[in-house]
Structures are given as structure tokens and as C-alpha cells.
Amino acid sequence: MNYLPYKPLEIEQKWQQKWKDNIFSHAVDFSDKEKKYILIEFPYPSGAGLHVGHVWGYTMADVISRFYRMNGKNVLFPIGWDAFGLPAENYAIKTGIHPRISTQENIGNFTNQLQRLGFSFDWSREVNTTDPDYYKWTQWIFLQFYKKGLAYQDEIPINWCPFCKTGLADEEVTSDNRHERCGNIVSKKKLRQWMLKITAYADRLIDDLSTVDYSDDIKNQQINWIGKSEGAYIRFGVQSNPADVIEVFTTRADTLPGVTFLVIAPEHPLALSLPTKEYIDAVKDYIDDSLDLSDIERTDVSKKKTGVFTGRYVVSPYDGSLVPVWVADYVLGNYGTGAVMGVPAHDDRDRVFAETYELPIVEVKDIGFDAITKMIEYLSEKGCGESTVVYKLRDWVFSRQRYWGEPIPIVHCPKCGVVPVPEEQLPIKLPEVDTYQPTDDGLSPLASIREWVEVPCPQCQTMAERETNTMPNWAGSSWYYLRYADSQNTNEFANFDKLSYFLPVDLYIGGAEHTTLHLLYSRFWHKFLFDLHLVPTPEPYAKRRNRGLILGPDGRKMSKSFGNVINPLDVIEQVGADTLRLYELFMGPFNGTFPWNYDSVRGVYRFLERVWKLTQDIVDSSVDQTERSVIIKLHQTIKKVGEDIGALKFNTAVAAMMEFLNVAEQHKKSISILDWSLFIRILAPFAPFISEEIWQVMHLSDSVGTIHILEWPKYDDSCINEDHVEIPVQINGKMRSTIIVSQEESMREDIVVSRANESEAIQRFLSGTNVKKVIFVPGRLINFVVTLE
RNA sequence: GCCGGAGUGGCGGAAUGGCAGACGCGUCGGACUUAAAAUCCGAUGGAUUCAAAACCCGUGAGAGUUCGAGUCUCUCCUCCGGCACCA
């Protein structure tokens with residue numbers, strides 16, 4: 001016959017237009033239906049446009065959302081823009097184009113691309129972190145942190161380029177500690193910063209992981225990141241001046257008798273005041289040198305251990321012996337107390353240090369868990385120490401010296417000090433500036449807008465100054481999933497009842513790179529809001545899975561510099577969005593890593609084209625009855641695809657549909673339109689465009705309604721099982737033959753055994769042996785355990 | 001070094017402890033075509049064999065548990081991801 005050709009671009013363009021303001025993808029507040037909240041990490045709308053990695057994650061979430069809708073659920077599947085960030089600001093520095101303008105353009109571009117892919121987002125709930133109506137609430141939440149004492153200021157070293165005179169983000173610093181733009185060595189500069197006290201939630205962030213369904217690798221990574229370790233503080237008095245005390249942290253208090261030296265970090269408060277006259281110059285030089293080193297260099301394992309003696313001794317609280325104090329950069333200032341006791345016999349790093357400087361090594365006999373307990377008891381009695389818990393997790397540096405972020409709603413008053421902006425004055429909007437370059441002394445570009453900075457103090461009306469730091473771009477993404485529940489609310493960040501209906505998120509899909517930052521930060525914010533009774537659940541995400549990584553065709557990570565980036569739009573131009581969606585799902589399992597393969601894209605295109613053609617055969621022959629073998633395969637496929645979607649096994653779901661097509665093509669003259677339409681329905685969540693076209697245009701149904709609100713087909717159990725099954729026959733566990741029996745017969749041992757014995761091949765293998773045992777797995781297999789006669 | 005994850009055909013991958021290699025790609029052969037592309041049909045883990053049947057070997061290596069191991073246990077190797085002088 002003459003087939004109507006499959007023209008994906010025409011079909012997709014048509015439906016894309018019609019779906020623009022579809023409402024079947026809108027979630028309903030307080031519906032009687034069961035809700036399902038499917039969340040994807042909202043994108044940063046970069047100038048480069050959508051990435052194939054986005055497409056993969058979003059397609060999986062879209063399939064699930066469509067599947068749940070067809071199963072009668074009220075699905076919330078929202079989208080928004082994480083639009084503050086460094087690239088837009090750097091672009092503005094380079095071109096002078098306001099970040100708001102370029103961001104708006106990029107959002108328009110992303111929107112088109114997402115719609116082109118047929119994602120069934122609820123566009124009525126779109127959020128944008130740079131919208132003052134949105135960041136008003138980001139600022140508001142900050143004020144709540146401030147009021148509870150969880151937002152505070154501290155002097156924190158930042159990356160500083162002395163040549164450009166700007167502060168730098170970590171990602172602007174190359175691995176050899178240079179500014180990526182100008183190539184100059186980056187140093188550290190201490191600046192006043194706002195901090196959020198995430199450490200106050202460290203225990204709960206660990207403990208509550210047991211209440212959520214995150215994959216084990218995610219849980220482990222978060223636990224290791226928080227890095228809880230139990231140990232003890234031990235205090236050593238300085239010999240020359242017992243008022244000075246050096247406190248160390250150790251997890252091995254039992255090794256205290258083996259202490260032969262003490263090491264303090266170059267950043268330690270006593271590092272400059274402790275040394276004797278004789279040693280002070282050497283110590284100063286050493287500290288200057290080590291502070292020039294980057295963290296990466298300091299913590300490089302291959303680096304030689306260096307240090308310098310202070311000329312001072314402390315007194316061991318264990319036996320009163322004198323212990324020399326050294327300064328060395330292998331001890332970090334920001335972990336524990338910035339000081340450690342050197343026990344070279346029981347710690348590798350201490351041993352290397354001791355060997356380098358020829359310090360004594362003393363072994364401790366009585367070590368272990370009990371010894372630790374005894375030692376801590378002994379120390380607490382003497383008042384020289386106590387048990388404690390420390391964390392690797394540090395408080396969150398929450399300010400940036402940047403323009404393109406949420407202004408921190410604080411006023412600094414010469415009389416009143418730090419004054420929070422009254423809530424009714426929110427949002428504090430970003431002012432227009434002439435230049436986006438940070439100032440020479442490392443302040444945000446906002447600092448030079450005097451008419452914005454100078455405001456009367458909200459408390460005493462004295463002229464005061466606004467905080468000019470902005471928030472990091474993790475701020476807006478820490479609570480966006482809450483806003484989706486009630487995105488238009490002007491009185492509160494979201495209505496509690498609506499939150500109670502939609503929360504928690506049932507499935508959160510995103511990239512592994514956000515496991516320890518965004519995911520942890522947003523859990524922290526959520527718990528804080530929970531404590532204020534503003535959100536209904538202690539955890540935001542009931543289930544989290546990280547998607548894997550798509551590599552370039554050359555097997556390397558996609559990167560501009562390798563020239564191996566696949567642009568999803570190019571793929572769509574060639575084969576259409578349905579093929580792109582299906583291909584990415586088919587590539588491999590949810591969290592795997594695989595290279596792009598053009599030829600395999602072709603294979604998926606062929607599949608859709610064959611579906612298209614076969615539809616015409618089936619409509620053309622218009623039979624009422626479907627061949628039994630096709631019915632069986634159809635119902636097996638409905639079952640398999642439904643189960644696979646629930647288990648996030650999209651690759652095998654697609655494979656199952658391909659298998660069905662292979663069977664169906666063998667019997668194309670004996671498939672009813674009705675049965676075929678069931679197959680098109682299960683294809684619909686995966687390939688929404690071609691399914692809709694087949695449904696509405698190719699007369700599979702009299703209905704003109706969209707296929708995407710139809711019920712997911714039910715499979716018939718009586719159609720799942722084949723009439724006859726092939727049972728493998730094993731001898732001593734080795735497959736020797738198979739027999740074919742009916743479904744009922746396959747469940748009966750006596751019949752299967754006698755049929756097996758009838759088989760020629762089996763008789764040959766059994767001759768000359770004694771059957772010692774028969775293992776029978778009903779419906780599955782028979783195994784004769786034999787010995788030679 | 002530590003913590004995760006993974007090693008299966010030429011490639012991506014599939015397999016509740018039960019017929020290893022589903023599905024797709026590629027390759028080979030054939031049909032159609034003046035020809036090519038596209039499409040369709042068939043074959044496709046390896047060894048052995050003129051060929052077929054049959055048999056043998058095969059899931060990183062080695063042991064173990066089991067009637068039976070890609071799957072479970074132990075030891076080792078390799079790769080990927082994350083963290084790392086964290087006391």
C-alpha cells in the first residue's frame with residue numbers, strides 16, 4: 001500500500017501550538033483525587049540553551065507525570081527558573097547588557113525549547129527567582145533566620161584577585177589557584193560575611209535521612225559531607241603562662257600518653273602571640289608563606305610536611321610532661337579547634353611530621369574504645385577535657401559581593417547597629433547600576449549606588465546604610481518547590497493548607513552534583529520553616545533519585561572545549577522531539593553514564609516510523625478480532641511498561657514496546673483497531689506527539705479529545721499467560737533440553753517429570769546414571785540431580 | 001587514603017538465585033534499485049566442524065555457598081564518581 005509518510009516536524013509543530021495553553025497538565029488545589037508531586041531541578045536559563053542532560057531528566061519526569069495523570073492522579077509537575085547567577089553577571093560586565101534583559105531572553109528561549117519537547121509542565125505555576133514577587137519571600141525567609149539568631153556575621157576569607165581587585169567564586173579559581181580570567185595568583189582576603197547556621201541542624205539532617213526514600217549513595221554522601229565525629233576536647237596549659245590554654249580535638253583520647261608534640265594551625269589565635277623572641281620571626285615567615293597557599297595546595301597529600309617550632313611547651317594533663325608546640329599547615333584552622341596533639345605512634349600524618357623533624361615516637365599500650373572512655377572520664381575529673389561531637393559541615397557563607405542576587409534585607413545604622421528591614425518594606429529591589437564590576441575593596445557593585453545605599457534607619461531614622469551584599473544563588477532554589485504550591489500568593493510565601501495538600505514532593509529528580517549543596521541546603525531551610533510551623537512536613541522530598549550523565553559521542557564529558565556537545569535542538573531538527581525523548585530514555589538505566597550514539601537515535605526513529613506505518617495497515621484492514629498471540633503480548637506489554645515506569649526503568653519499558661511492535665508486525669492483518677489503540681495509549685507518555693496524531697487524525701477513535709487524559713489501559717490477567725510454556729530441563733544444573741507443556745501442566749511435577757523422561761535428549765543423558773533427587777520449580781524449571789552408576 | 005557505584009558480545013545494554021546476551025546499534029548475506037540511500041527478509045558470543053547436528057568454553061581474576069551463581073559470601077584487580085593532611 002502507499003503509506004502516508006511520517007513527518008515528525010510537521011506533526012510536532014501542530015500539536016505544540018495546540019498544547020500551548022492546555023489545561024490537562026494543570027494541577028488542581030485540593031482536588032479529591034490523590035495528588036502526585038513530581039519535581040525536577042529547575043534550570044538555570046543559560047545562554048547556551050537546553051542541554052541533553054536536562055532533556056533526559058525532564059523526559060523521565062514527564063513520562064511519570066503523564067502516567068500518573070492517566071491513572072487518575074492530580075499531578076503537580078511544575079517548572080521555573082533559577083535565574084540569579086554568575087554567568088548573567090559576567091555577561092553584563094562584558095557587554096553592559098543588564099542581567100535582567102539577558103535572563104529574560106534566555107528564559108524565552110528555554111520556554112520555547114521545553115514546549116518544543118512536549119513536556120507537560122503546569123505553566124500556570126511558573127516561578128522565577130529573580131522576580132521581585134518571588135525574591136520578596138526569599139528575603140522574608142532570611143529575616144526569619146535572622147530573628148532566630150541563625151543568620152549572623154563573621155569575618156571569612158574569600159578568594160581575592162589582587163590584580164583585578166575583585167572577590168572570586170570558587171569556580172572562577174583554577175586548580176592551580178589562579179584567576180581564570182587574568183591568570184594571576186589568587187590570595188585570601190578576609191571580609192565581613194553573612195552566615196547561616198546550618199550546623200545547628202546537622203544532627204537532624206543526618207537523623208531524618210532514615211525517614212525519606214533517597215538512594216543509598218545520596219544518603220551516604222550527605223552523611224559524609226556532614227561528617228559527624230565523636231571525640232574529645234583536651235586542654236593543655238602553656239608552661240610559660242598557664243593562663244594560656246591550647247585546646248585540641250581528638251577522636252583518640254586514649255592515645256594521649258603518646259603525645260610528643262602539639263601542632264597549631266597557622267590561623268590559630270595563639271600562633272603569633274605564643275612564640276618566643278628567638279622563634280617569632282621564623283614563625284611569622286612560615287605563616288605568611290602558608291597563607292599564600294591555596295587550600296588545594298595545603299591539603300595536597302604529595303606535599304612535604306612542613307612546620308616550625310614556637311620555642312614554647314605545654315604541660316600534658318596526663319602526666320605533667322612538657323610537650324613542644326609547633327605551627328604547621330597540615331592542621332586546618334577551620335576544623336575542630338585548629339590544634340591537634342601529635343601522636344606519631346598512632347597517626348600516619350603525625351608520624352611523617354615527627355620523622356621529618358626528628359621528634360620522639362612513643363607507643364601507647366592501652367588503646368581502644370574502653371581506654372577512650374576511661375581517659376575522657378579522667379580528664380573531665382581534672383577539668384582538662386570532655387567528650388564532644390564535631391562536624392565537617394561548616395556554616396553556610398550566605399553573602400556574595402555581587403550584583404545579580406537577592407539584596408540582603410539589612411540596614412547598618414551607626415546608632416542601632418544591624419537592623420533588619422521591616423517585613424512590610426519587602427521586597428528590597430535591586431537598583432539599576434551603571435557598571436556591574438565589583439568595587440576595588442571587594443564590595444558589591446551595589447555599594448556605589450549611594451542613593452540606594454543611604455536610607456534612614458528603620459528604628460531611629462538616623463541616616464544609615466543598606467547591606468550591599470547579595471545572597472548566593474542557592475538561596476532562591478532552597479524553597480522554590482514550596483512556591484509552586486501557591487505561586488501567586490501575595491500575602492505569604494505559600495498558603496499552609498495548599499502546602500499540606502501538595503507536600504511532600506513525591507519524587508525529586510536531579511543531578512548528582514547537587515547532592516551535598518542544594519539538596520542539603522533546601523532540607524535545612526525546610527526544617528527551619530517546619531520549626532516555625534510554616535510548612536507541614538519535616539522533610540521536603542519523600543523520594544530523591546539522581547539521574548546519570550550523558551557523555552559526548554567520543555565518550556568524554558560534553559564540553560565546549562572538546563567540541564562534543566550535542567544540542568538537543570539539532571537532534572529535533574533531524575528526527576523530531578518524540579525520537580529524542582525516546583532515544584534518551586532508551587540509552588540506559590536511570591543513573592547510568594553513557595556516550596551519545598547517533599546510530600542508535602536512528603534506530604529509535606525507525607521504531608516510531610514503523611508504528612506510524614503499522615497504524616495505517618491496521619486502519620486499512622479494519623478487523624474486529626486480534627490474533628491471540630498479539631493479545632497476549634499486548635497485555636504483557638501493558639503490565640511491563642506500567643511496572644517499569646513505577647520503577648524508573650524507562651530503558652526496558654521502551655524495549656518492551658519495541659518487542660510488542662515486532663510481534664504485531666508479524667500479524668498486521670489481524671489486529672483490531674481497538675487493541676492497537678491500547679498500545680498507542682501506553683506509548684503516549686513517552687512519545688506524546690505521534691501518539692496524539694495517531695489518536696486524533698488517523699481515526700483510531702471517534703473521540704476528538706486528547707489521548708493524554710485517557711485512562712491507562714488495564715491488562716487482563718487471563719491474557720498474560722501464554723497457553724503453552726517451554727520448561728528447561730537441567731541435569732546437575734546444566735541445561736540439557738526443553739519441553740513444551742500447557743500452562744496447567746507446567747505446575748505439576750509428575751507431568752513435567754514424565755514429559756522430560758520422554759525426551760530423547762534427556763534419555764541419552766540419564767542413561768547410566770542414578771537420579772538422586774529432582775528439583776522442580778513449578779512453571780519454571782526441572783532439574784535432575786544424578787550420579788554415575 | 002576514605003566513601004560510594006560499576007566491570008556481561010564489535011558497541012549501548014537485558015536478565016525475582018533458574019534457558020546468559022532481551023531490545024537497539026553495528027556487521028555479514030539476500031530482496032528491491034541502472035546504482036546508491038531508504039526500506040524489507042535472514043544470520044550474528046567464542047572455539048570446534050567442509051557443513052549440519054551434537055558437544056565444549058564463556059558475565060574482570062581466584063576461591064566458597066548451592067541441585068543450580070552474572071546475581072549471594074570472601075580475597076584480589078581495574079574503571080568511574082564524590083571527598084580528602086578532617087586529627
Margin query: Just to be sure I understand: a Watson-Crick pair is purine N1 to pyrimidine N3 plus N6-O4 or O6-N4, both under 3.5 Å. Using that and G-U wobbles, which stems of three or more pairs involve RNA chain B?
Written below: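 Detected stem regions: B:1-7 with B:77-83, B:10-12 with B:23-25, B:26-31 with B:39-44, B:60-64 with B:72-76.
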Notebook entry, point to check: Is a donor on one side and an acceptor on the other found under 3.5 Å between the side chain of A:E386 and the backbone of A:Y233?
Noted result: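 Pair absent, no side-chain N/O of A:E386 close to backbone of A:Y233.
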Next item on the list: Go through A:Q221 and A:T516 one step at a time and tell me if the side chain to side chain donor-acceptor pair (under 3.5 Å) criterion holds.
Entry: CA-CA 7 Å; A:Q221 261 191 66; A:T516 47; 5.0 Å; no
Margin query: How about OH on A:Y318, more than 12 heavy atoms from neighbouring residues, nucleotides or ligands closer than 6.0 Å, or not?
Written below: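 No, the 6.0 Å shell around OH holds no more than 12 heavy atoms from other groups.
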Enumerate the protein-to-nucleotides 22-24 of chain B contacts in which both atoms are nitrogen or oxygen and the separation is below 3.5 Å.
{"from": "B:rA22", "atom 1": "O2'", "to": "A:E659", "atom 2": "OE2", "distance (Å)": "3.0"}
{"from": "B:rG24", "atom 1": "OP1", "to": "A:N662", "atom 2": "ND2", "distance (Å)": "3.3"}

Check: Is any side-chain N of the basic residue among A:E41 and A:R544 closer than 4.0 Å to the acidic one's carboxylate O?
Finding: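 Salt bridge present between A:E41 and A:R544.
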Notebook entry, point to check: Salt bridge between A:E659 and A:K640, side-chain N to carboxylate O under 4.0 Å?
Noted result: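 Judged by the 4.0 Å cut-off on N to carboxylate O distance, A:E659 and A:K640 do not form a salt bridge.
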Note to self: Quick check on B:rC57: is either OP1 or OP2 less than 4.0 Å from any side-chain nitrogen or oxygen of A:K734?
What the structure shows: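 Answer yes for this pair, as a side-chain N or O of A:K734 is under 4.0 Å from OP1 or OP2.
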Checklist line | OP1 or OP2 of B:rC67 under 4.0 Å from side-chain N/O of A:K773 | finding: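 Affirmative; the distance criterion is met.
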Can you check the distance between [N] and [M], where both ends of the measurement are the [atom1] atom (answer in whole Å)?
| N | M | atom1 | value |
| --- | --- | --- | --- |
| B:rA20 | B:rU71 | P | 14 Å |
| B:rA54 | B:rG62 | C1' | 32 Å |
| B:rG82 | B:rA22 | P | 34 Å |
| B:rG42 | B:rC56 | P | 30 Å |
| B:rA37 | B:rA31 | C1' | 16 Å |
| B:rU78 | B:rG45 | C1' | 22 Å |
| B:rC11 | B:rG46 | P | 12 Å |

Item checked: Nearest-nucleotide 5' precedence on RNA chain B, A:V785 against A:F765 ->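 Closest to the 5' end, via its nearest nucleotide, is A:F765.
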Next item on the list: Identify, between A:T738 and A:A339, the residue whose nearest nucleotide on RNA chain B lies closer to the 5' end.
Entry: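 It is A:T738 whose nearest nucleotide is closer to the 5' end.
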Notebook entry, point to check: Base, sugar-phosphate, or nothing: which does A:R351 touch, judged by heavy atoms less than 4.0 Å apart?
Noted result: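 Touches nothing.
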Checklist line | Derivation of the side chain to side chain donor-acceptor pair (under 3.5 Å) call for A:N597 and A:Y583 | finding: CA-CA 10 Å; A:N597 184 323; A:Y583 167 67; 5.6 Å; no
Next item on the list: For the pair A:Q222 and A:L205, evaluate side-chain contact (heavy atoms from CB on, under 4.5 Å) and give the outcome as yes or no after the intermediate values.
Entry: CA-CA 8 Å; A:Q222 291 212 345; A:L205 288 169; 5.9 Å; no
Give me, pair by pair, the N or O atoms of the protein and of nucleotides 16-18 of chain B that are less than 3.5 Å apart, along with how far apart they are.
{"from": "B:rU16", "atom 1": "O4", "to": "A:R780", "atom 2": "NH1", "distance (Å)": "3.3"}
{"from": "B:rG18", "atom 1": "N2", "to": "A:Q730", "atom 2": "OE1", "distance (Å)": "2.9"}
{"from": "B:rG18", "atom 1": "N2", "to": "A:N783", "atom 2": "ND2", "distance (Å)": "3.4"}

